[in-house]
Amino acid sequence: MSPPDEPRIPDSEPASETDDLIGLLSSRIVGQPTALQAIIPSIQLHRSGLAPEGRPVGVFLLLGPTGTGKTRTVEAIADVLHGDPHRLLRIDCGEFQADHEVAKLIGAPPGYVGHGDSKPRLTQGSLAEVTSPSSDLALVLLDEVEKAAPSLVQLLLGILDRAKLRLGDGNEVDFSDTLIFLTSNLGAREMLDEIRPGLGFDASQERDPRELRERLERIGVQAVRKYFSPEFLNRVDAVVTYRPLDVASIVAIFDQHVAELQEHVHSRLGARSFDIEIAPAARFFMIDRGTSLEYGARELKRVIHRNLTQPLAAQVANGQIPPGSKVLVELNEEGDALVLRCEGGVDVPEARTETVLTVDDNEDLLRWMERALTQAGFQVVAARSVEEAAGMAAVSRPDFAVLDYMLPDGDGASLAADLRRDHPHMGVVLVSGTDLDEEAVVMCRRHHARLLRKPFLAEELIATIRSLGTRVYRAASGGS
């Protein structure tokens, strides 16, 4: 069970965990609200400790045409829960179309050829590898499940029903703390035909979005009922039909891809980075060429890569883009290609990397925080005790400190007070899995420390530190 809410110091914005989760996922999953409505309750159930025992936390069958965001949904959840979109156990069912290939997943039993020669893919260790200190919920993705051999589908029945899998060597794998996602393109062609009928009255009539969504869901459900047995479908918590992306969703995904490209440029090039500004005509050019019902957002990603990312990479490699410049992306006079033009870019000073001191006696959590903060652009120094933290702070003079409340030789609240006394402009985050006593709360308030409850997401940690950066800057500049 999650601990009761900790006291919050002034200036912290009250926001429920539900709102945080919805907001984080909504920013990554565009145009598919039905998927969020189906999946988020299972994550909340697990966090509350009220998930049903003896079965996976949630089992979801994701349907719809290619490029609509089925796989991206699972990657977005992995990014939110674990700070890494690739932290999931992915099984490409196209690799297991023959019954004998299923042995790669569970291993050959003793006495059979291949026993002991290869490691099974579905083990307790492989599930543990895709968890993180911020969440013990493992994500399992079985991509294009309709391509799997019948024996693999039978294997799934035990996992979906009892959360148990017996390997070839007799060991048992527990799937109780897992979210299982099955993706499929069943019914995708019929859905596209429904969206854009070629003949008849429907071809010219305006479609009601709600009615269209219901018809697509019926097509998807009918397709899976024809393909899968009732005993298999009865073990699925929700069948989610992804609708083809409309123009507004394509535009939002385009902006998302450009923002990711800009962030990639800044993070990889550092002081040599530059800003990207896309003219309206160039933006429309790429969106128009990247809009496709057949390929969804994948076509848009290819268009951006071919017309923007590759030309930018070539100019960077040739030294044609000065550091600190602005690259204007415009459409040529013929309207059939993009033109890149640089402005500015003289004597850009290298920004100082901010340092974060992390203090915790949990080695796994320290490593996870170091990885998350480093990816966010911070320099990290780690300590495991109050004494070690004091010595490191004197040498490295960090801009921020993330302190565990319970330390082997003291407490984080007292350490926060000492650090703020010696380093007045240091931002402090105090981390705790339990309620703080009144004295600790007062001490945190006095030294402007922020409280963060375990377990927390990488985004929550980074956002808290960055919000402190604003406060520290105000204090250093004499503001209120």
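Note that these values count all heavy atoms, side chains included, but never hydrogens, waters or copies made by symmetry.
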Would you give the length of the straight line joining atom [atom1] of [X] to atom [atom2] of [Y], rounded to the nearest 0.5 angstrom?
X	Y	atom1	atom2	answer
Leu415	Asp409	CG	CG	9.0 Å
Phe378	Ile462	CZ	CD1	7.0 Å
Arg218	Leu216	CZ	CG	9.5 Å
Phe400	Thr464	CZ	OG1	11.0 Å
Ile278	Ile304	CD1	CD1	7.5 Å
Arg371	Leu373	CZ	CG	11.0 Å

Write down the atom of [X], the atom of [Y], and the distance for their closest heavy-atom approach.
X	Y	result
Ala401	Leu403	CB-CD2, 3.8 Å
Pro85	Ala78	O-CB, 3.8 Å
Leu365	Pro133	CD1-CB, 3.7 Å
Ala376	Arg466	O-NH2, 2.9 Å
Gly377	Thr353	O-CG2, 3.4 Å
Ser42	Val57	O-CG1, 3.3 Å

task = Check each of Thr183, Val74, Leu62 against Asp143 using the side chain to side chain contact (heavy atoms under 4.5 Å, CB included) test, and report the only one that passes.
result =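 Output: one option passes, namely Thr183.
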task = Using the side chain to side chain contact (heavy atoms under 4.5 Å, CB included) rule, pick out the option among Leu233, Val240, Asp237 that qualifies with Leu61.
result = Leu233
Does [X] use its side chain to pair, donor to acceptor, with the backbone of [Y] at less than 3.5 Å?
X	Y	value
Arg420	Met426	yes
Asp99	Ser151	yes
Gln222	Ile219	no
Arg235	Glu231	yes
Gln379	Thr374	no
Glu460	Leu457	yes
Ser126	Thr123	yes
Thr68	Gly64	no

[X] versus [Y]: any side-chain heavy-atom pair under 4.5 Å?
X	Y	answer
Leu127	Val140	yes
Glu129	Leu89	no
Gln32	Thr73	no
Leu160	Phe232	yes
Val356	Asp399	no
Leu122	Val173	no
Phe456	Ser134	no
Val239	Leu63	yes

A quick test of your reading: do over 12 heavy atoms of other residues, nucleotides or ligands sit less than 6.0 Å from [atom1] of [X]?
X	atom1	answer
Arg302	CZ	yes
Gln310	CD	yes
Glu101	CD	yes

key: salt bridge (Lys or Arg N to Asp or Glu O under 4.0 Å) partner of Asp174, the single match among Arg55, Lys164, Arg166   =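 The option that passes is Lys164.
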Is it the case that [X] and [Y] place a side-chain donor and acceptor less than 3.5 Å from each other?
X	Y	answer
Ser184	Glu146	yes
Tyr242	Thr34	no
Asp136	Thr131	no
Asp79	His86	no
His264	Glu260	no

request  = In sequence, state the C-alpha distance, the side-chain angles, and the governing distance for His82 and Val130, and then conclude on side-chain contact (heavy atoms from CB on, under 4.5 Å).
outcome  = CA-CA 8 Å; His82 305 303; Val130 295; 6.0 Å; no
task = Please report the C-alpha distance between Glu172 and Leu167 in whole Å, then the side-chain angles of each, then the deciding distance to 0.1 Å, and finally whether the side-chain contact (heavy atoms from CB on, under 4.5 Å) criterion is met.
result = CA-CA 6 Å; Glu172 198 170 63; Leu167 301 178; over 6 Å; no
key: Full working for side-chain contact (heavy atoms from CB on, under 4.5 Å) between Phe60 and Ile39   = CA-CA 8 Å; Phe60 304 96; Ile39 297 168; 4.2 Å; yes
ask   = For Lys454 and Asp404, what are the C-alpha separation, side-chain angles and deciding distance, and is it a salt bridge (charged side-chain N to carboxylate O under 4.0 Å, His left out)?
value = CA-CA 10 Å; Lys454 293 180 179 179; Asp404 188 32; 3.1 Å; yes
query = Would you call Arg384-Glu363 a salt bridge at under 4.0 Å N-O?
reply = yes
Test salt bridge (charged side-chain N to carboxylate O under 4.0 Å, His left out) applied to Glu144 - qualifying residues, sequence neighbours left out =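 Only Lys147 meet the salt bridge (charged side-chain N to carboxylate O under 4.0 Å, His left out) criterion with Glu144.
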request  = List the steps and the verdict of side-chain contact (heavy atoms from CB on, under 4.5 Å) for Leu186 and Phe228.
outcome  = CA-CA 11 Å; Leu186 289 172; Phe228 294 110; 3.7 Å; yes
